[in-house]
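Only this structure's heavy atoms are used, side chains among them; waters, hydrogens and symmetry mates stay out. In this chain, residues are counted from 1 in sequence order.
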Amino acid sequence: MVDEVILLDYWPSMFGVRTRIALEEKNIKFDYIEQDLCNKSALLLEMNPVHKKIPVLIHNGKPVCESLIQVEYIDETWPRENPILPSDPYQRAQARFWGSFIDKMLPGLGKLMWGVKGEEQEAGKKEFVEMLKMLESELGDRTYFGGETFGYVDIALIGFYGWFDAFEKYGNFSIEAECPKIIAWAKRCVKRDSVAKSLPDSEKVTELVPELKKKKRVQYKESLLFIHGCIWNCESVLFCSTCEPTHGSVCFTFTCISLSPAGL
């Protein structure tokens, strides 16, 4: 039986990049179906009825949701080629820890990209840089986070690299000046075919941001929802029901679909 693999995704998603890279690392052929996040497809709503967000991996008709879960699923389903998670239980636990840590960068990025100017944006920038420095310390002088082996933590983080130019432009800072080892690591990762094929074009991402900001300003007036005693600021397609908001974080979305914090 030939595996049928489908990926529902949105081209600039830093989370969808993870799944794309994992599939490429395993040399798994898959059908890519681009999603319109303002008009979500019946297939997306059927395959992810709980959170209604991308990416969704569909394997032989069965959906797997959440990007890091998808990466683990891909590694376990096709274990022979290019292992992604370490075989050692302790190292595997450490990799999962850092994957979870990476997703906790989202609230700071939300303030950096979409918050008001001034103190809020500076606070987001500081939070983001501090977390990158922690990752830089964990990386040390290794080629990849797993040593000489490209793996789980690398896949978890490299999707953000396609957005670095936009972060720098709209945050008015240099990531390379703050975290040179992270940039050197990213450049090594991009030399891998799986990464080069999967990352969105950084120029196109940067060009997309003004459109997202414009939509945010238009919709912001109508997007303060009081739900279950919580105010949800629905601001951006970057951090939203399509992009896996972290535990307890604000849900940033144009479509105002996520009514409660959706964990990764």
| side chain to side chain contact (heavy atoms under 4.5 Å, CB included) between I28 and D3: does it pass, once the steps are laid out? | CA-CA 9 Å; I28 302 302; D3 286 315; over 6 Å; no

| field | Distance, nearest 0.5 Å, that separates CE of M131 from CZ of F101 | value | 3.5 Å

| Can you tell me how far the CG atom of D193 sits from the CD atom of E25, to the nearest 0.5 Å? | 9.0 Å

| message | Does D75 form a salt bridge (Lys or Arg N to Asp or Glu O under 4.0 Å) with R92? I'd like the steps, not just the answer. | response | CA-CA 12 Å; D75 196 36; R92 194 160 59 243; over 6 Å; no

| message | So that I know where these two stand, are W185 and F145 an aromatic pair - ring centroids less than 6.0 Å apart? | response | yes

| message | A side-chain contact here means heavy atoms from C-beta on lying under 4.5 Å apart; do Y161 and K187 qualify? | response | yes

| query | Which heavy-atom pair separates I175 from E168 by the least distance, and what is that distance? | reply | N-OE2, 2.8 Å

| request: Would you kindly say whether D9 and Q35 are connected by a side-chain donor-acceptor distance under 3.5 Å? | output: no

| Where is the tightest heavy-atom contact between L68 and G99, given as atom of each residue plus distance? | CD1-O, 3.7 Å

| Does a side-chain heavy-atom distance below 4.5 Å link K26 with R80? | no

| field | Lys/Arg-Asp/Glu bridge criterion (N-O < 4.0 Å) met for D103, R18 | value | yes

| said: Do the side chains of K133 and E136 get close enough for a salt bridge, i.e. N-O under 4.0 angstrom? | reply: no

| task | Evaluate side chain to side chain contact (heavy atoms under 4.5 Å, CB included) for Y73 paired with L57, printing each intermediate quantity in order. | result | CA-CA 10 Å; Y73 177 85; L57 178 70; 3.9 Å; yes

| task | Take I54 and L37 through the test side chain to side chain contact (heavy atoms under 4.5 Å, CB included) and record every step on the way to the result. | result | CA-CA 9 Å; I54 55 92; L37 304 183; 4.2 Å; yes

| task | May I ask you to check whether F160 and W163 place their ring centres under 6.0 Å from each other? | result | no

| field | Heavy-atom side-chain proximity of L8 to Y32 below 4.5 angstrom | value | no

| request: Assess whether atom CD of E203 is packed by more than 12 heavy atoms of other residues, nucleotides or ligands within 6.0 Å. | output: no

| Separation of S174 OG from F164 CZ (nearest 0.5 Å) | 11.0 Å

| If only atom types and distance count, is the side chain of E127 paired as donor or acceptor with the main-chain N or O of M105 below 3.5 Å? | no

| message | Ring-plane angle category for W78 and H59, please: parallel below 30°, perpendicular beyond 60°, tilted otherwise. | response | tilted

| Any idea which heavy atoms bring T206 and A166 closest together, and the distance? | OG1-N, 3.5 Å

| field | Minimal non-hydrogen separation, I183 against E176, with atom names | value | CG1-CA, 3.5 Å

| said: side chain to side chain contact (heavy atoms under 4.5 Å, CB included) for F30 and I74? Distances and angles first, verdict last. | reply: CA-CA 12 Å; F30 64 98; I74 290 165; over 6 Å; no

| field | Side chains of V56 and L7 in contact at under 4.5 Å (non-hydrogen atoms) | value | no

| Does R142 come within less than 4.0 Å of E148, counting only side-chain N to carboxylate O? | no

| request: With rounding to the nearest 0.5 Å, note down the distance linking SG in C65 to CD in Q70. | output: 7.0 Å

| For Y170, does its backbone N or O pair with a side-chain atom of Q121 as donor and acceptor, under 3.5 Å? | yes

| Under 3.5 Å, is there a donor-acceptor pair between the S198 and R20 side chains? | no

| message | Do N27 and E81 have side chains that approach each other closer than 4.5 Å (heavy atoms only, starting at C-beta)? | response | yes

| note | Between E72 and Y152 the two heavy atoms that sit nearest each other are OE2-OH, 3.6 Å

| task | Inspect the contact between E24 and R192 and indicate whether a charged nitrogen and a carboxylate oxygen are less than 4.0 angstrom apart. | result | no

| request: Taking K52 for its side chain and L45 for its backbone only, find out whether a donor-acceptor pair lies under 3.5 Å. | output: no

| said: If I compare all heavy atoms of L208 with all of P12, which pair ends up nearest, and what's the gap? | reply: CD2-CG, 3.9 Å

| task | For D201, look at atom CG and say whether over 12 heavy atoms of other residues, nucleotides or ligands are found less than 6.0 Å away. | result | yes

| Side chain proximity check, L85 to R96, heavy atoms < 4.5 angstrom | yes

| field | Check: K104/S100 side-chain N/O donor and acceptor closer than 3.5 Å | value | yes

| query | Going from CH2 on W11 to CD on E34, what distance comes out if it is rounded to the nearest 0.5 angstrom? | reply | 8.5 Å

| query | Distance from D154 atom CG to R188 atom CZ, nearest 0.5 Å? | reply | 9.0 Å

| said: Quick one, I33 and L44 - any side-chain contact, counting heavy atoms below 4.5 Å? | reply: no

| Beyond-backbone contact of I58 with V5, side-chain heavy atoms, under 4.5 angstrom | no

